[in-house]
*Asks:* 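Input: one structure, supplied below.
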Amino acid sequence: MSDRKHKITFVVPTACYTPSRGWDKAAVAPLEGATLAATLLQKAGYKVQCFDLRLDADQKTLAVRSASESVAVCIAGAPDSYRFIREFCTELKSYNEQIPIILGGPLSTFGWDTILCKTKVNYCLVGECERVIVKLVECVLQGKMPINFPVAFVHAGKVIAPTRSPKVCMSEVPYPDYTLWKESYGSHYPPSLLYYSTQRGCRGKCSFCALPGRWRPSEESKIASDLTKIRELGVKKLFFSDPTFNTETKHCLAVASVIKEQIRLPWACHIRAKPSSRSFFEVLKKSGCEALFLGIESAEEAILRQYNKGTSLKDIESCLASASDVGLPVWGFLILGLPGETKQSLRKTIEFTANHAFAPRATFATPFPGSVLHHIFLEDAIKEGARKEDVVERILEQVSDLRYDGTDEPMQLPGREIGLVPILRETMAWMTQMAVERVGQLP
Ligand code: SF4
């Protein structure tokens, strides 16, 4: 058994990510996944120190110092933090070559082979952390190899692949102890907005998405108990990080009732377009819902079908109309430039946006690791003779530069019409301008 008094440092990397217009606070609230992993290690007896470098990049020196004095460092990896992670790990190892570095999050889950090949990360935790993180740290501190773990690592120059990652039940997910970020947040603590998942997974199978897995809702009693503790921290607003809040109406209504009766905080969530009645949105609004983030993606039916979106323009219109009827503002996610996109389809998306009341949040199609789009991109590059790790690193380098604020450049994707790039740029400029105007006009 390792010495449980040992310190473990958690680091959330800097990010260029710009949230939807009007939602700046959403970029600097502590990450739920990292908080859950830190909570579990603290409960297991470790001294945990957390740094959120998105809030204050100047804490990097402190984070490196803390990490180099720790028995292990855990990093929360998103694809856009790739470059930071590579450089941070190199710097950290120059102070303490022996420190075990554990990476979690979507970058680790979907990019572990590239990460182990291109950076000084030692262990990539693949999938959900709850059943694994404490056992992994124990194993590493005892000098054992995490064989038969959903963890990838290098041994004798060879990458050892992870076992299949178990999907946890929501009852196994602890209350995320956000007080662990108090020191890092300083005068910004408590953050005005906090993330919380009332469910995990999604029934959708959109091919541009790194699929979030089997759908699992939390029990109403757990949601009520967790949210009561979160409210007691002094938080002003909740953001449900559920991939798709409206997967099941019964679950949505139960959550809305908990918030209305017991929590009484304003909240926002992501939803999927499906035929939705006015009364459904009315219940959400009356419980404090103040914004919906809707996955529209494109106004071209052929693109929705090609990427397996599972929704139609009619569903999207029904959703927008019901939300507008009850005065709920909608931010609509759009993806520009998927292979199959044409000048005509972009025109349709512009017209749809102009004629419907939502604030557009447009991004260029990006082959994020884990998505079908990524595999298409990869296969194409490998056919041309490129090495997988080099191609993935190239994608991650480009993703590390994304800002989502209208200044990004469209990435080159196989199968996309040659000559579409200038039109994509113009469309993005129009969408960005539209977002500015619409945010001021939303209810
Ligand atoms: S894009 Fe949204 S609806 Fe589609 S699979 Fe991903 S989370 Fe589900």
Side-chain angles (χ1 to χ4, degrees), residues 17 19-20 23 26 31-33 78-80 105-107 109-111 127-128 165 167-168 170 195-218 239-249 251-252 255 268-276 280-281 284 291-320 323 330-341 349 358 360-377 399 402 404 413:
Y17 175 79
S20 298
W23 285 85
L31 296 180
E32 191 183 9
D80 63 359
L107 178 61
T109 297
F110 300 113
E128 297 173 340
S165 169
K167 290 272 179 261
V168 302
M170 291 306 279
Y195 291 106
Y196 180 79
S197 297
T198 76
Q199 54 196 310
R200 281 189 187 174
C202 175
R203 291 195 181 127
K205 293 200 171 7
C206 312
S207 43
F208 42 77
C209 176
L211 297 175
R214 183 171 56 82
W215 183 70
R216 292 148 288 160
S218 266
F239 200 116
F240 293 132
S241 32
D242 312 1
T244 314
F245 182 71
N246 61 340
T247 295
E248 283 234 335
T249 305
H251 176 75
C252 299
V255 175
C269 65
H270 296 116
I271 60 163
R272 178 178 169 77
K274 55 189 208 181
S276 315
F280 172 72
F281 285 118
L284 301 194
L292 298 171
F293 290 78
L294 171 68
I296 296 174
E297 329 301 2
S298 170
E300 172 57 72
E301 295 272 15
I303 290 195
L304 297 179
R305 276 197 304 276
Q306 183 182 343
Y307 290 91
N308 217 11
K309 183 65 197 168
T311 55
S312 64
L313 272 188
K314 215 169 133 217
D315 296 338
I316 297 169
E317 284 181 320
S318 145
C319 222
L320 287 170
V330 176
W331 274 253
F333 292 118
L334 296 165
I335 304 178
L336 309 178
L338 284 161
E341 185 90 89
T349 302
F358 66 92
R361 162 69 162 170
T363 54
F364 289 126
T366 307
F368 286 111
S371 65
V372 172
L373 199 55
H374 181 80
H375 291 294
I376 297 171
F377 188 94
V399 170
L402 292 178
Y404 305 96
L413 296 178

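As the structure lists them, so they are numbered: ligands from 1, and atoms in each ligand from 1. Note that the coordinates shown come from a computational prediction; the quantities given were computed from them, not determined experimentally.
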*Asks:* Could you list which atoms of ligand 1 come closer than 4.0 Å to a heavy atom of Arg272?
*Replies:*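 Here the atoms of ligand 1 in question are 3 (S).
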*Asks:* Check whether Trp215 forms a cation-pi arrangement with Arg203 (NZ or CZ under 6.0 Å from the six-membered ring centre, at most 45° off the ring normal).
*Replies:*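 Positive - Arg203 is close enough to the ring of Trp215 and near enough to its axis.
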*Asks:* Considering the heavy atoms of Cys209, write down every atom of ligand 1 situated less than 4.0 Å from one of them.
*Replies:*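 Checking each atom against Cys209, I get 1 (S), 5 (S), 6 (Fe).
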*Asks:* Suppose we measure from atom 8 (Fe) of ligand 1 to each protein heavy atom; which comes out shortest, and what is that distance?
*Replies:*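 It is Cys202 SG, 2.3 Å.
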*Asks:* Between Phe110 and Phe368, is there a side-chain heavy-atom distance shorter than 4.5 Å?
*Replies:*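 A side-chain contact is absent here, since even the closest heavy-atom pair is not under 4.5 Å.
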*Asks:* Ligand 1 versus Cys206, non-hydrogen atoms closer than 4.0 Å: side chain, backbone, both, neither?
*Replies:*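 Under 4.0 Å from ligand 1, Cys206 contributes backbone and side-chain atoms.
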*Asks:* Within ligand 1, which atoms have a heavy atom of Pro243 less than 4.0 Å away?
*Replies:*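 By the 4.0 Å cutoff, the relevant atoms are 7 (S).
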*Asks:* State, with a plain yes or no, whether a side-chain heavy atom of Pro19 is found less than 4.5 Å away from one of Trp331.
*Replies:*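 SC-SC contact between Pro19 and Trp331 ruled out.
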*Asks:* Are any non-hydrogen side-chain atoms of His270 and Phe240 less than 4.5 angstrom apart?
*Replies:*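 A side-chain contact under 4.5 Å is absent here.
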*Asks:* I want to check something: taking the side chain as every heavy atom from C-beta on, are Cys319 and Phe281 in contact at a cut-off of under 4.5 Å?
*Replies:*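 Side-chain contact under 4.5 Å: yes.
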*Asks:* Distance under 4.0 Å to a non-hydrogen atom of Thr244: what atoms of ligand 1 satisfy this?
*Replies:*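 Answer for ligand 1: 3 (S), 7 (S), 8 (Fe).
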